[in-house]
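Comments concern the structure below.
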Amino acid sequence: MSDNRTPLGFTPNEMMTIAASRALKNDDVCFVGIGAPSAACNVARLTHAPDITLIYESGTIGTAPDVLPLSIGDGELCETAVTTVAVPEMFRYWLQGGRISIGFLGAAQLDKFGNINTTVIGDYFHPKTRLPGGGGAPEIATSSQQVYITMAQSKRGMVEKIDFFTSFGHGEGGDHRKRLGIDTAGPTLLITDLAVWKPDPVSKEFTVVSLHPGVTRQQVQETCGWVVKFAEVLDETPAPSELELKTLRDLQARTKAAHEGTGKGKAA
Amino acid sequence: MSDNRTPLGFTPNEMMTIAASRALKNDDVCFVGIGAPSAACNVARLTHAPDITLIYESGTIGTAPDVLPLSIGDGELCETAVTTVAVPEMFRYWLQGGRISIGFLGAAQLDKFGNINTTVIGDYFHPKTRLPGGGGAPEIATSSQQVYITMAQSKRGMVEKIDFFTSFGHGEGGDHRKRLGIDTAGPTLLITDLAVWKPDPVSKEFTVVSLHPGVTRQQVQETCGWVVKFAEVLDETPAPSELELKTLRDLQARTKAAHEGTGKGKAA
Amino acid sequence: MVKFLPLKQAVAENLNNGDSVAFEGFTHLIPTAAAHEAIRQGFRDLTLIRMTPDLIYDQMIGMGMAKKIVFSYVGNPGVGLLRRARDAIENGFPRPIEVEEHSHAGMANAYEAGAAGLPCAVFRGYRGAGLAEVNPNIRSVTCPFTGEVLAAVPSIRPDVSFIHAQKADRKGNVLVEGIIGIQKEAVLAAKRAVVTVEEVVDTFDDLHPNLTVLPRWTIAAISVVPGGSHPSYAHGYYARDNAAYLEWDEIAADREKFQAWMKANVIEKGADDFAARVEHLRKAA
Amino acid sequence: MVKFLPLKQAVAENLNNGDSVAFEGFTHLIPTAAAHEAIRQGFRDLTLIRMTPDLIYDQMIGMGMAKKIVFSYVGNPGVGLLRRARDAIENGFPRPIEVEEHSHAGMANAYEAGAAGLPCAVFRGYRGAGLAEVNPNIRSVTCPFTGEVLAAVPSIRPDVSFIHAQKADRKGNVLVEGIIGIQKEAVLAAKRAVVTVEEVVDTFDDLHPNLTVLPRWTIAAISVVPGGSHPSYAHGYYARDNAAYLEWDEIAADREKFQAWMKANVIEKGADDFAARVEHLRKAA
């Protein structure tokens, strides 16, 4: 694996994962979605947040996997966890109980208010594409104290209007959550492969607050399906440190080796 | 301990416990109240029903104690159980889930329809005597498929009108359970130190169906606060067998030794 | 009372056409051998219930056995979509299929309520979620103390539940350990439960008292099928066959390739074939 | 985040006059040392919550610390009545006490709902029971699918819960094993939880993954008090002191005898005295 896949020495996806990892604190209790959130959470654990509590919906609490899980229920998660509970308990005592500080989600379709669709493309009853659905996300989105979202930008993914409200973000914006009686903060951070976004305090529309190194406003707009708002003062995301990059790449290399190792000699 | 404490070679209490033990079957799943029910259930297990499942409300399922527990949560119950679950699970999955064939209760006050009071003597808000209360009994009485009751007879205990409905038996009799939407059978058996009683099929009033050896109708009536009905054909309860008596007495001797053994050398 | 039976007989005695059935396992201990036996016996018009329908439900749906599916995540874990399920939902192939969709919280609570003998589950869920608008089985009750409106879903009470577990003792008590998922609830919620196990041991006397043990009288039949949860894994026995999950994506993408694979790997095979499939995965467990 | 503290400080930092507080333990692992420390510190106007108030609540009530008691079985386990609680309820001595009485099922469901962050618990209970007529906190909801009327009680959410457990690891995770009762729910339902433990071990790495472990961030303070649940027992450490339960019946029967006993055995003693009380019971565990 090369350290120089881009002129900058890191890929946009690596920047995304590392920027997301930095948002997590040592005392966070994080409900981890699979994919990009999982990588970010484990990089955080392996760098600046060694005591972070990672929870996967399979029931594993306080887990510390050496490789990234392929699914939310890998054996590695259980073996390294503080405790492993049944799934009803996970959703009742731990998520609904209000114990999760950060719910970390990916998205197939996202709108500017942080509403997520992972259910269908097209009409629900006559879908063009049937996606896997919500899984734990509908309640992660409303029971976690805050929600972080991470996804690679694309016009197909970041859209003006999502086809289905799998998980509720800020709805139509403003105080829509409060009007529905939802007392948690909802999406407070979006990390893409190009930028860091935060919701406007009033309208709740996601606004770019930081561009990743080398990224232009135009690139962000061209890969987003809505008219992008930028903060008045726009930061540049600090580039990944050597430690961060090495940690992420080592983790991914271990993961690749481990997952291939269980196949029948065929390439995964 | 003598084998001849009465002219018959056994005491009324021994006869009660042994008669109660005989009512239990090998495939019963029995929710065991403390005291007389506990002794009867364990005698059954140690004689004709070796595979009976005994459940105590502390969460111990399929327990096989060598000595009778002092409380429903003795360590012995856990050590010999198939599994020990949390108390909410006990009441939700195991009792409310409809898995208990026999709920076995004692009573402080009982009426002829199998309603039990273990809450107060006198008015609830200004009690003459505050008793311990229902514990698990209110739901044992309605969620178990059948309820067996065992108690020593006395005019104070077996009364025309109980002071408080701790657990519902047949209410005012007849189809009162059905009218409340309770679809379990309720009390189907009462075993006292003098007799075996079953509810009349229509009125649901407890009726003496069998007198213990040497007991007269008059003795039963003199120790009961309501006018006793006797079945047209009245059986005599078979006397305890040698095996039954020995099993019960050995169990009680082991129990006495074990409970004294944990004291500070003082008599318990 | 539980019977130890060959898998073929355990499935034949407990599953019927038209049943509602749960083959449960939350990424771990998936009862693949039992599902394959059900496919071989060709049941029809099943209502398939599962939080995470994966390969086995893709296979049953692709074989036209399901009239309805009740689920909360219809994906190939860690890989992507389930292409036979998609074909049924999007194109009605090989037959149209009715969909009842929940969130994980909804399904987990519904199983819990089923195990608890309740008609419905009450929880805080589906707030602002689109599912509440498309699924008429998502309703509400109002807390009589605070006035808060809570979600309610019907409890899940399958005619039959199938699970795979690590071991049984000779009496028929069953141990599930590791990621225990929803298996205990699936068994206790069902009218009948069938369990495949890796092995039978003499007694459970040495087990810790607080492990997840299902007493023998909660189970209708036990079949010993080593490797029976391949390609998922059995904690303490063998690792997940990740390659098989990745391969499935290709197999299921094509209707004919799917049929050929099913013929070669399910129809013409039996429960005894599972042990060999996990041989190379045992070291990694 | 959890702190390891001397018991005196753990109680002082977490309990306040007027709090609702649960000292839980279902015949096993009763947090006697914590209760005695609360008695020494002389808190007033407490709402005492517990399924099975036993000696420790009899003592707190007898000392006039409770304005209300929420319970489902107010007995001396295996022995009989609680005579100080009776004196308070029957005679208002040493002060009148408010009573909120439930069944075990009601309390267990209410703790479960508290741990689950719900405002109320819904279950099938209190059918035909007199409690439903005298306790205004027993209400009902109607299943929106079947029309069945189910019982509802408010969830229990104490200001503070105290439990006794076998051990903590150095990070502050806590293990409870054996008869686990309602302790996990009592901790998770509370705003703050204080745990006394028999000992601290380096790590929990060798524990089975499915045991009842409370993560360190669910606990406010841990105090190491060997013998801290005497006269109840700690599975794996020491047996129950049955004689003490029988003796209590006599002690509590008399107001003056009670006061003398409290002075000698609680007021003038400390947490360190518990270890010696279980010495003779260790063999029997």
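Below, chain A is the first sequence line, B the second, and so on; all start at residue 1.
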**OP:** Looking only at non-hydrogen atoms, find the nearest pair between D:Ala108 and B:Val87 and report the distance.
**Re:** CB-CG1, 3.9 Å
Original post:
Does any heavy atom of chain D fall under 4.5 Å from the side chain of B:Val120, the backbone, both, or neither of them?
Top reply: neither
**OP:** Please examine the side chains of D:Arg127 and B:Phe168, heavy atoms only from C-beta on, and report whether any two atoms are closer than 4.5 Å.
**Re:** no
Subject >> Top contributor to chain D interface from B:Pro69, B:Pro138, B:Gly136 [non-hydrogen pairs under 4.5 Å] >> reply: B:Gly136
Subject >> Main-chain N/O of B:Gly75 paired with D:Tyr233 side-chain donor or acceptor, under 3.5 Å >> reply: yes
Subject >> Under 4.5 Å from a heavy atom of chain D, the part of B:Leu131 involved >> reply: both
Original post:
Distance only, no hydrogens: is a donor on one side chain within 3.5 Å (strictly under) of an acceptor on the other, for B:Thr142 and D:Arg124?
Top reply: no
Subject >> Atom group of B:Phe165 that falls short of 4.5 Å from chain D, counting heavy atoms >> reply: both
Subject >> Leading residue by heavy atom contact count with chain D [cutoff under 4.5 Å; candidates B:Lys128, B:Arg177, B:Glu89, B:His126] >> reply: B:Lys128
**OP:** Under 4.5 Å heavy-atom distance to chain D, tell me which part of B:Asn115 shows up: side chain, backbone, both or neither.
**Re:** neither
Original post:
Where on D:Val176 is there a heavy atom nearer than 4.5 Å to chain B: the side chain, the backbone, both, or neither?
Top reply: neither
Original post:
Any donor and acceptor pair, going by atom type alone, linking the side chain of D:Thr27 with main-chain N or O of B:Gly73 inside 3.5 Å?
Top reply: yes
Original post:
So, D:Glu101 and B:Arg130, do they make that salt bridge, N to O below 4.0 Å?
Top reply: yes
Original post:
Do you know which two heavy atoms are closest between D:Ile179 and B:Cys78, and how far apart they sit?
Top reply: CG1-CB, 3.8 Å
**OP:** Mind checking the NE2-CD1 spacing from D:His104 to B:Ile72? Nearest 0.5 Å is all I need.
**Re:** 6.0 Å
**OP:** Below 4.5 Å from any heavy atom of chain B, which atoms of D:Met51 appear? Answer side chain, backbone, both or neither.
**Re:** side chain
**OP:** Give the member of B:Pro127, B:Ser58, B:Gly59, B:Gly133 that has the highest number of heavy-atom pairs under 4.5 Å with chain D.
**Re:** B:Ser58
Original post:
Does NZ in B:Lys198 sit with more than 12 non-hydrogen atoms of other residues, nucleotides or ligands closer than 6.0 Å?
Top reply: no
Original post:
Checking heavy atoms, do the side chain of B:Thr129, its backbone, both or neither come under 4.5 Å from chain D?
Top reply: both
Original post:
Relative to chain B, which of D:Ala129, D:Ala105, D:Pro77 shows the most heavy atom pairs under 4.5 Å?
Top reply: D:Ala105
Original post:
Is any side-chain heavy atom of D:Val134 closer than 4.5 Å to a side-chain heavy atom of B:Phe164?
Top reply: yes
**OP:** Check whether any side-chain heavy atom of D:Ile182 lies under 4.5 Å from a side-chain heavy atom of B:Pro88, and answer yes or no.
**Re:** yes
Subject >> Between CG on residue B:Leu70 and CG on residue D:Asn242, distance to nearest 0.5 Å >> reply: 4.5 Å
Subject >> Part of B:Glu139 within contact of chain D (heavy atom distance under 4.5 Å) >> reply: side chain
Original post:
Is the closest side-chain donor-acceptor distance between D:Glu133 and B:Tyr124 under 3.5 Å?
Top reply: no
**OP:** Mark yes when over 12 heavy atoms from residues, nucleotides or ligands other than B:Lys155 sit less than 6.0 Å from its NZ; otherwise mark no.
**Re:** yes
**OP:** Assess whether atom CD of D:Glu250 is packed by more than 12 heavy atoms of other residues, nucleotides or ligands within 6.0 Å.
**Re:** no
Original post:
Rounded to the nearest 0.5 Å, what separation is found between the CZ atom of D:Phe123 and the CD atom of B:Gln96?
Top reply: 8.0 Å
